[in-house]
Amino acid sequence: MDHALGGDILLAKGLRSNGCTVDTFDFKQLAKQLGQSGADDALLAMSGKYDLILVGKGERLSPTLAAKLAAKLPIALWYGDIRNEVPGYLAALLPYVDYFFMTSGGETLKQYHLLGVKNVSAYLFNPFDPDLITSGYSEEKSLEVLFTGTGYRFAGDERKATLDYLKQRSDVTFFGGAEKFTGARFSLWQKLKKELSRLNKHRKVRGDAYFEVIQRAKIGIGVNAVHHINKYTSDRLTHYTGFGTFFLTHEFDGLRELFSPDEVVSFQTIDQLDSLIAHYLNNPIEREAIAKNAQQKVLQHYNCNNITGMMLDIINRGTSDRFSWMDIVK
């Protein structure tokens with residue numbers, strides 16, 4: 001990610017706050033400078049002075065290099081994504097991984113673990129950095145309803161139906177392009193307008209501007225690309241709740257393990273979504289009280305220090321008692 005809620009930034013900050021010495025290694029950038037083999041050699045050369053290497057996603061890490069690294073030090077890998085099928089590159093890497101963390105629990109976590117993780121796999125909730133609230137926080141609510149998200153062609157029917165509905169409303173602001181990937185059929189004129197919209201410089205929002213947009217919204221809408229996976233959620237859930245914006249999300253398995261109904265409100269049908277949007281737009285005091293409850297939980301419990309502390313617990317002793325929703329496979 002190109003902002004301060006990127007997983008690499010949050011986990012590095014959390015590790016440092018838990019007393020670890022952390023050096024960051026931008027493998028993608030180094031590969032551009034030195035080529036793939038040069039980046040491989042550089043990472044292998046520097047690995048000898050560390051106790052652990054923490055890999056984010058690992059798309060550019062070859063199994064050959066992973067095997068060489070694993071012979072020198074333990075490897076931890078975090079995967080904050082989901083696909084209908086396990087990515088081939090990840091299946092090839094997991095036999096060299098000692099500690100695997102992913103933003104899905106239950107049977108999905110077990111499925112990935114059984115691909116060869118050597119020690120332990122665990123569910124990881126996307127953390128938030130409370131320090132972001134101290135600078136540039138705005139209470140202005142100038143956007144009625146907001147949806148931010150990337151378009152996924154593999155997205156489930158729930159996401160497509162929700163986006164089809166939101167596109168019919170005149171009070172919804174979109175960023176990220178997800179609204180272009182729906183189940184609706186378009187006329188030639190609609191298709192032309194979609195293509196012309198690609199020229200809209202505001203179609204995507206990045207960095208601090210992304211934070212500002214979230215804080216300006218009265219209601220943020222969440223609907224995962226893939227549903228019915230235990231505790232899997234887009235990181236929008238953390239972003240919106242962390243910044244204190246009311247988040248209305250499509251129900252997903254395990255939501256109530258993470259947030260109570262007086263912290264995050266959910267819907268299951270389009271009729272419910274329509275009714276809930278109307279209710280919470282017209283009841284700002286109730287809406288903002290719920291948003292405040294969720295923000296307090298995120299800042300106090302789901303912060304980068306506590307989530308990373310949980311990871312360290314699992315690495316050091318195979319378990320953690322920080323959260324009731326812990327999901328660990330050994």
Side-chain angles (χ1 to χ4, degrees), residues 137-152 155 157-187 189-206 208-225 233-252 259 261-295:
Y137 181 66
S138 171
E139 297 263 349
E140 178 190 7
K141 298 290 182 182
S142 58
L143 299 176
E144 299 290 294
V145 183
L146 178 67
F147 186 93
T148 55
T150 306
Y152 294 109
D157 292 340
E158 298 91 344
R159 184 177 174 101
K160 293 176 181 178
T162 301
L163 290 171
D164 283 341
Y165 161 76
L166 293 175
K167 286 174 63 176
Q168 297 173 20
R169 297 182 63 103
S170 60
D171 57 356
V172 180
T173 302
F174 292 95
F175 285 101
E179 74 279 10
K180 301 183 184 348
F181 295 82
T182 74
R185 294 180 178 274
F186 298 103
S187 66
W189 170 238
Q190 287 173 319
K191 291 179 180 179
L192 176 60
K193 287 198 296 183
K194 280 174 62 182
E195 291 303 314
L196 291 174
S197 72
R198 297 179 186 278
L199 301 176
N200 182 353
K201 294 181 181 179
H202 300 290
R203 190 170 64 89
K204 291 187 177 181
V205 62
R206 302 181 181 279
D208 290 343
Y210 172 63
F211 302 159
E212 179 188 1
V213 163
I214 289 175
Q215 293 172 83
R216 286 170 52 204
K218 296 177 181 177
I219 295 177
I221 304 294
V223 53
N224 299 332
T233 173
S234 163
D235 53 9
R236 283 190 302 274
L237 175 60
T238 308
H239 298 174
Y240 281 72
T241 53
F243 278 117
T245 293
F246 178 86
F247 198 63
L248 179 55
T249 185
H250 195 295
E251 184 81 25
F252 61 87
F259 290 96
D262 63 351
E263 294 167 338
V264 172
V265 177
S266 65
F267 65 93
Q268 293 187 3
T269 68
I270 297 303
D271 286 343
Q272 288 176 345
L273 174 60
D274 182 78
S275 176
L276 289 168
I277 289 176
H279 175 80
Y280 286 108
L281 283 178
N282 291 320
N283 292 274
I285 295 176
E286 180 185 0
R287 181 188 72 225
E288 295 307 311
I290 293 172
K292 190 66 175 179
N293 291 339
Q295 184 183 39

Open item on the list: Is there a side chain to side chain contact (heavy atoms under 4.5 Å, CB included) between E158 and F252? Walk through the geometry before answering.
Closed with: CA-CA 11 Å; E158 298 91 344; F252 61 87; over 6 Å; no

TODO: Would you please test T162 and I270 for side chain to side chain contact (heavy atoms under 4.5 Å, CB included) and show each step?
DONE: CA-CA 7 Å; T162 301; I270 297 303; 4.1 Å; yes

TODO: Kindly determine whether Y165 and I221 satisfy side chain to side chain contact (heavy atoms under 4.5 Å, CB included), including the steps that lead there.
DONE: CA-CA 12 Å; Y165 161 76; I221 304 294; over 6 Å; no

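In this structure, the separation between NZ on K292 and CD1 on I290 is 14.5 Å, given to the nearest 0.5 Å. In this structure, the separation between CZ on R159 and CZ on F147 is 4.0 Å, given to the nearest 0.5 Å. With values rounded to the nearest 0.5 angstrom, R236 atom CZ is found 8.0 Å from T249 atom OG1. For the atom pair CG of L146 and CZ of F247, the computed distance is 9.5 Å after rounding to the nearest 0.5 Å. With rounding to the nearest 0.5 angstrom, the CZ atom of F174 is 5.0 Å from the CG atom of L166. The CG atom of L248 sits 11.5 Å away from the OH atom of Y240 when rounded to the nearest 0.5 Å.
Nearest approach of T173 to L143, heavy atoms of both residues: OG1-CD2, 3.8 Å. In this structure, A291 and G244 approach most closely via the heavy-atom pair CB-O, 3.5 Å.
Formation of a donor-acceptor pair under 3.5 Å by the E263 side chain with backbone atoms of F259 is not found in this model. With hydrogens and angles disregarded, no donor-acceptor distance shorter than 3.5 Å links the side chain of T241 to the backbone of A294. A donor-acceptor pair under 3.5 Å is formed between the side chain of K141 and the backbone N or O of Q215. R287 places no side-chain N or O within donor-acceptor distance of the main-chain N or O of I219, the cut-off being under 3.5 Å. A donor-acceptor pair is defined here as one N or O able to donate and one able to accept, closer than 3.5 Å; such a pair exists between the side chain of Q295 and the backbone of G242.
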Let me check something: any side-chain donor-acceptor pairs from residues 275-282 under 3.5 Å, sequence neighbours excluded? List them with distances.
unit_1: H279; atom_1: ND1; unit_2: N283; atom_2: ND2; d: 3.4
unit_1: H279; atom_1: NE2; unit_2: E286; atom_2: OE1; d: 2.8
unit_1: N282; atom_1: ND2; unit_2: A278; atom_2: O; d: 2.9

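Here R216 does not pair with E140 in a salt bridge; the nearest charged N to carboxylate O distance is not below 4.0 Å.
In this pair, H250 and F267 present their aromatic rings perpendicular. The plane angle is above 60°, beyond the 30 to 60° band.
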